[in-house]
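To keep things clear, I will list the structure first and then write my remarks on it.
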Number of protein chains: 2
Amino acid sequence: MNDLRREVRKKIENGEFNCEKELTLSIISGKWKITIIYYLGTDGTLRFSEIKHLFPKITHKVLTTQVRELEEDGIIQRRVFPEVPPRVEYSLTELGQSLMPIVLMMYEWGKQNLKSFNK
Amino acid sequence: MNDLRREVRKKIENGEFNCEKELTLSIISGKWKITIIYYLGTDGTLRFSEIKHLFPKITHKVLTTQVRELEEDGIIQRRVFPEVPPRVEYSLTELGQSLMPIVLMMYEWGKQNLKSFNK
DNA sequence: CTGAATCCTATTTGATACTG
DNA sequence: CAGTATCAAATAGGATTCAG
């Protein structure tokens, strides 16, 4: 769905309208992004390895690209500690924080409607 | 991103937790879905051709699959009128209506943060 | 520990043409 | 008008390996 990301940014540059919802969607779309945002929003700060631990099935590379895109979008902050071995901590930016209400609402909606989908 | 759709449904069947947010995301993910939901939520009922008209660039086939998936997820209702030429009208179900606050929030967030992304 | 580079595959979207 | 079928293109996600 990163097609959306690029496409929406292009639309914005061109001053096209009607892409506000797509903008928001394009940011949180990605198999792990909302959950990453959710955890960072509730836990505060997490190391790369801690996030990786939260998703047993995520690949190293995939996590890297997901956080990188979120960083590009200004949603999360990446702080590198010049140590050996390296330590990298991620946290929500203010912009990312402002996304939390939406994420929480999605969480609530999902919780309330889980049964409907459990055939 | 319909990979998510299938995957989340499987998780739900297996009684796995922590997929509430993904459930919500999996429903609205898709290049045109939130916008379709948005229009149906504000305009009420729309014919297939009317929706198609709203998205000059959408393909016949793609629109078909998007509405079909939304229908499968119980978000929209499809009413077929046995006429010639055929008429098919789409509208939000109650479940779909309950999604509107989220869609509207995404709209607002996008509107307020458009500038941040317009470098 | 974090992450970069490759390579590979499944999925999604799109183009096009055909049907009742 | 609405929908289907087929085929092609793009890309997101994953497996694996190497590096500082």
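Note that the structure is a prediction, hence the values are computed from the model and not measured.
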Checklist entry - For the residue pair W109(A) and N113(A), what are the closest heavy atoms and their distance? => result O-OD1, 2.8 Å
Next on the checklist: Quick check: on DNA chain C, is the nucleotide nearest P86(A) upstream (toward 5') of the one nearest V62(B), or the reverse? Name the residue that is more 5'.
Outcome noted: P86(A)
Just N and O in the side chain of [X]: are any of them under 4.0 Å from OP1 or OP2 of [N]?
X      : N       : value
R68(B) : dA2(D)  : no
S49(B) : dC1(D)  : no
R47(A) : dG3(C)  : no
R78(A) : dG3(C)  : yes
Q66(A) : dA12(D) : no
W32(B) : dT12(C) : no
T65(B) : dT12(C) : no
T64(B) : dG3(D)  : no
Y90(A) : dG3(C)  : yes

Atom pair distance, as rounded to whole Å: [atom1] in [X] and [atom2] in [N]:
X      : N       : atom1 : atom2 : answer
F55(B) : dG14(C) : CZ    : P     : 12 Å
I58(A) : dG13(D) : CD1   : P     : 9 Å
L4(A)  : dT13(C) : CG    : P     : 8 Å
E83(A) : dG3(C)  : CD    : P     : 13 Å
H53(B) : dC1(D)  : NE2   : C1'   : 14 Å
H60(A) : dC1(C)  : NE2   : C1'   : 8 Å
L63(B) : dT12(C) : CG    : C1'   : 15 Å
F48(B) : dA2(D)  : CZ    : P     : 7 Å

Item to check | Carboxylate-amine/guanidinium contact E108(B) K111(B), below 4.0 Å | outcome: yes
Checklist entry - Between K10(A) and E7(A), is there a side-chain N and carboxylate O pair less than 4.0 Å apart? => result no
Item to check | Sorted by number, the residues of residues 35-43 of chain A with heavy-atom contact under 4.0 Å to DNA chain C | outcome: none
Next on the checklist: Please list, in numerical order, the residues of residues 70-77 of chain A that have a heavy atom closer than 4.0 Å to any atom of DNA chain C.
Outcome noted: none
Item to check | same_hphob_cluster(V80(A), L92(A)) at 4.5 Å side-chain heavy-atom cutoff | outcome: yes
Next on the checklist: Starting from L104(B), can I reach I36(B) by hopping between I/L/V/M/F/W/Y residues whose side chains sit under 4.5 Å apart?
Outcome noted: yes
Checklist entry - Closest to the R6(A) side chain: dG3(C), dT13(C), dT11(D)? => result dT11(D)
Checklist outcome for this item: The nucleotide from dA2(D), dG3(C), dT16(C) with an atom nearest the side chain of K61(B) is dT16(C)
Next on the checklist: Tell me whether the side-chain N or O atoms of K31(A) pair up with the base of dG13(D) as donor and acceptor below 3.5 Å, since no angle test is needed here.
Outcome noted: no
Next on the checklist: Return the CG to CG distance between L25(A) and L25(B), rounded to the nearest 0.5 Å.
Outcome noted: 7.0 Å
Checklist entry - At what distance, to the nearest 0.5 angstrom, does OH of Y107(A) lie from CD of E22(B)? => result 10.5 Å
Item to check | Donor-acceptor pair, side chain of S29(A) and main chain of S26(A), under 3.5 angstrom | outcome: no
Checklist entry - Starting at the 5' end of DNA chain D, which residue's closest nucleotide do you reach first, P85(A) or K57(A)? => result K57(A)
Checklist outcome for this item: Test side-chain contact (heavy atoms from CB on, under 4.5 Å), reference I34(B), set L99(B), I102(B), V103(B), output is V103(B)
Checklist entry - For E94(B), does the CD atom sit with more than 12 other heavy atoms under 6.0 Å from it, leaving out its own atoms? => result no
Item to check | Step-by-step side-chain contact (heavy atoms from CB on, under 4.5 Å) determination, W32(B) to T65(B) | outcome: CA-CA 10 Å; W32(B) 316 84; T65(B) 67; over 6 Å; no
